Structures are given as structure tokens and as C-alpha cells.
**Q** 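The structure's right below; bear with me while I get my questions together.
None of the values given here were measured: they were computed from a predicted structure. Quick note on labels: first sequence line is chain A, next is B, and so on, each numbered from 1.
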2 protein chains.
Amino acid sequence: MTGSSHLIIDEPAAQLGRNLTYGLLDNIGRAIVTGQFEKAVFPTEAELAKQHGVSRSVTREAVKMLTAKGLLSARPRQGTTVQPTSSWNLFDTDVLRWMLERKLSIDLLRQFNELRVAVEPEGAALAATVAGEDDLARIDAGLERMQAAEHGLDDPLEADIAFHVAILRASKNPFYIQLRDVVSTALRTSIRFTNRIKGRSADVAEHAKVRDAIAARDPDAARIAMRRIIGDVLGLIEDRQPAGE
Amino acid sequence: MTGSSHLIIDEPAAQLGRNLTYGLLDNIGRAIVTGQFEKAVFPTEAELAKQHGVSRSVTREAVKMLTAKGLLSARPRQGTTVQPTSSWNLFDTDVLRWMLERKLSIDLLRQFNELRVAVEPEGAALAATVAGEDDLARIDAGLERMQAAEHGLDDPLEADIAFHVAILRASKNPFYIQLRDVVSTALRTSIRFTNRIKGRSADVAEHAKVRDAIAARDPDAARIAMRRIIGDVLGLIEDRQPAGE
DNA sequence: ATAAGTCGATTCATATGATAATTGTGATTG
DNA sequence: CAATCACAATTATCATATGAATCGACTTAT
């Protein structure tokens, strides 16, 4: 890894980390998402193995995992091919992380928040119906962290994530709960942008409204309050990038 | 089902289909989701291979795919273990299909529609903003199929799916588009229930309202109309099962 | 000349046996 | 009793061989 100026990976062994398969998964996954194979044909498994300095078993297992995530498809004689992005599983945290790491386009950030604006208000409404005491406690804890973060006593991003994740969890709906990982992955990876966008102190007051609505078992109020929070973020994003597509 | 009274699978070879790996993936995935390993410890890769009459390579690749979908986790010495359901990727169509096939609980159906009631209205609103001519054409086509189905000239379920999928696609948001597969998989697999629930002729009129709102570029109207459609379904489900959990 | 069929090369799919790496468990020792 | 060490179990990795599927070129028959 010193003077090597090769474009091809070609490192004989491992900066793949302790686990070769998972390291290779990460490398290839990132390469696919970065678009490195959009023009070129995807290598054969033998070439992949040689380029990364691992055995074909490891290669095959990594390829199989990428297949399971919708990024690849393998057939005899035809070879292994990259699937169109429409079949990638965006709700897989690996795929999402690769996409966010590659360039973090404002488009992707907007699309992600368009998802949040649908899911989180409804999740808050559900939470208002079914949340238990422990759920409320977690939501309170998240809110308190946000308040602490206002005075520099906690990390604002992590506090925000804790709050939103607590609400999704309180919905008691597996689909919403699943989105915990998606939301926290996306928020954490896109720190650069979110920092510019967030940081307004009105935030905490608006979050408190959500909490209160859930505690008061008022689904409609919870939905509206949460929608305002994410709508604000979305508005800021769209301001920065007026014309999409 | 016939005379075989073995609990263990133990078939020496393949009713796994042409592709052993994918057949094994399906078998093990279904077994996990069915809860066959909740009490018992998960077999070692050697045992798995022997039980299914395949090589360890095939076993390992199937296990790796299940790992990628969040169902399994493998570590040396500790063995391969089934992950808690909270880490399963429900937005993976395989996982979802296995879950819907296993027993199709009303709970799962309700939770799925709780997701739809969040996503699809917002998707319709987005579509009203960004849909192109081709998108509108697809939505119209879906609506026409529903009208045809009213007179027995088309399959009502497939027509319904086509309509909803067309709208998700028209949103131009990859996250929403991704849910196409989820929605169609779930609707198609849960025919038994949806047949009982749907089939009211008011449906087509309500769907037409969504279409008109999108064509008129009216996001709010589209959101409200779509919300009513899915809210109706949700109401019927909750009627059947008053107390959840 | 066109159509169908044959053959071969390429690539993934599968099998097998051996070795390495990791880590829980229990024995050992201070 | 605690810390350490040795062992064993299990996955991780490697190397090699064989099978199966498919595309393309070539051949052959009509």
C-alpha cells in the first residue's frame, strides 16, 4: 500500500480486515455502488479472486451476499452482472451506507427525507396508540439528551437519533422498527449535510410536542408535530437544490 | 406429509430444485422463519450439509446469503445462530415471502398495511408533483384493469397491484420504488385474506380519485384519497381483530 | 443460401479434503 | 480465588477437481 499506483486493486492480500469475506463484500459493494462497473464488464470470479488475493471460496461467498442484497446476479457462461439500481435493497444498511459514503448527493438526502416524512409521522401516531411505559421512558431520555446537547453536554446528532429511534421502536410495528437502522445509518453517515441543515434550537421544542402528544395518547397531534419536524428538514434541503432530477 | 415421520429434513439429495444453493436458501430461510430453531440450537455447517445432502460449499453460500438478509450470524467456535426477528430485513422479498407463507397472521397483515398507510399516500403526493406522461399512462392502465376486473374481464388482485405499483413508481423516489416489490409480494401472497377484505365496488371510484388528483397535480388531494383507500383496508382488518398484541 | 444441429470454450455450480484462525471451556497453577 | 494456559470445536480459508449450462462458431442437410 506504499508506492502502488495501480488502478486495479491487485493488492495480493488483505487490507480487507480480519475477515476476508466481509472485507471483500465491503470492497466490492462499495465499488459497485460507486459505479466502477457501469461501463466495464464485471470480472469473473476467478479474476476477482486473483485481484484481491483471496481464494475463490471467499469470492463466491462475498458475491453471494451481494446477490442477496440485490446488487449482483450470477449465471453460468453469462457471468456475474451488476443489477440495475432499482433492484438494490436500499433498506439494507450496508447498501445504504455504501450509497451515502460514495458521494452523498443532495438528491439522495432529499429522497431519504421524503421517506422519513411518510414513515415517522405515522410511526409517532402509532406510538401514541400503543407505546408502553418503557417506550415513553426511552423517548423522554432521547428528549433530555437533546436538551443537554443544547448546552453542549451531549452530542446533538446522537441525541436526535436516539429520540427518533425511540419513537419508531415505540410503534411496535416490525416494519417501522426495521427502519431504526436505516434512519440511524443515514443520519450518522450524512453528518456533513445534517450539520449545516440542523442546529436550530426551535428543534427541541418541536420534538417536545411530539413527546407530549404521544404521552397524551393523541395520535393526530403526534403525527402533525412529527410531520412538521421532518417537513422543516425537507424544506431546507429543497431550498438548497430547487430543481430536482 | 407422506410416510416420512422424520423431524429432521434428512433427504439425501435434491428436491432443492435445479440450483442447490438457492433451494437450500429457501429451505433454511423458511425453516428459520417458521421458528424451527427457536428452541433447538442451529446445526453446524457440517450437519446442515449432511442433512440436506449437499456439500459444505453450497451450505456455506446459503448461510452467507441468510446472513446478508439478517437471519443468521456465524462465528467460529460459537457456531451459526439465528438472529432475533428484529434484525431480519423485512424489506427483503424473500424474508417477507417466508413470513407471509408461514402462517399469514392477521397481525402481520395489519402491520404491513400500517406501513402502506404511511408510504402510499405520501407516494401519491410525490407522484402528483413529479409524475411524467408515461407514469400517468401506467396509472391509467392500472385503473382500467380494475374497471375491467369489475366485469370479470381481468384479475382484480393483479389489477389492484398494477395500480398501486404504478403510483409508487411515479414517485421517482428510489425508496418508494423499492417498496414496489414489497407491496406486490405481500398482496400476492396474502390473497386469502385480501379476498375477504376487498371486493367492494366503491374501490374503483376511490382509486379513480387518486388518479385524477395526480393528473391534476394536486398532491394534497392525492394524499387524502390514497389514505382513504388504505385506511379502509386497515379498518376492516382491525375490525376482525379488535385487540392486538 | 438458409436452417438446424453439433461441438467447443467459457463461466458459474458443486464437491472434497486439508489447513488456519478464532474462541469458549475447563484444567492448571500461583 | 484468580489468572493463565492448553485443548477442542467450529467457522474461515485454501487448493483442486469435476459437473452443468450457455453462447457462439462451425458444420451439415435441405
**Q** When you measure from the side chain of B:R77, which nucleotide among C:dA13, C:dG24, D:dT11 comes out closest?
**A** C:dG24
**Q** Nearest whole angstrom, please: distance from the C1' of C:dT23 to the CD of B:Q78.
**A** 9 Å
**Q** Can you check the A:H52 NE2 to D:dT13 C1' distance for me, whole Å?
**A** 16 Å
**Q** Does C:dT14 have OP1 or OP2 under 4.0 Å away from a side-chain N or O of B:T21?
**A** yes
**Q** Is the phosphate of C:dA13 approached by A:K64 (side-chain N or O, under 4.0 Å from OP1 or OP2)?
**A** yes
**Q** For a quick check of understanding: with a heavy-atom distance under 4.0 Å over all strands, which category does B:T44 fall into, base, sugar-phosphate or nothing?
**A** sugar-phosphate
**Q** Can you check the B:R60 CZ to D:dT11 C1' distance for me, whole Å?
**A** 6 Å
**Q** State whether the distance check finds a donor on one side and an acceptor on the other, under 3.5 Å, for side chain B:S57 versus base C:dA15.
**A** yes
**Q** Whole Å only: how far is the CG atom of B:L48 from the P atom of D:dA12?
**A** 13 Å
**Q** To check you understand the geometry: which heavy-atom pair defines the closest contact between B:E120 and B:R116, and what is its length?
**A** OE2-NE, 2.6 Å
**Q** Would you call the rings of A:F91 and B:F91 parallel, tilted or perpendicular, where under 30° means parallel and over 60° means perpendicular?
**A** parallel
**Q** Taking all non-hydrogen atoms of both residues, which atom of B:K64 and which atom of A:Y22 are closest, and how far apart?
**A** CE-OH, 3.9 Å
**Q** Can you find a side chain N or O atom of A:S55 that sits less than 4.0 Å from OP1 or OP2 on D:dC14?
**A** yes
**Q** Please report, rounded to the nearest Å, how far the P atom of D:dA12 is from the CE atom of A:M65.
**A** 9 Å
**Q** Nearest whole angstrom, please: distance from the C1' of D:dG19 to the CZ of A:R56.
**A** 12 Å
**Q** Do A:Q111 and B:N173 meet the criterion of a side-chain donor-acceptor pair at a distance under 3.5 Å?
**A** no
**Q** Report the distance from atom CZ of B:F163 to atom CG of B:L168, rounding to the nearest 0.5 Å.
**A** 10.5 Å
**Q** Can you check whether B:N19 has a side-chain N or O nearer than 4.0 Å to OP1 or OP2 of C:dT14?
**A** yes
**Q** Expressed in angstrom and rounded to an integer, what is the separation of B:E45 atom CD from C:dG17 atom P?
**A** 15 Å
**Q** Tell me: CZ of A:R75 to C1' of C:dC12, nearest whole Å?
**A** 11 Å
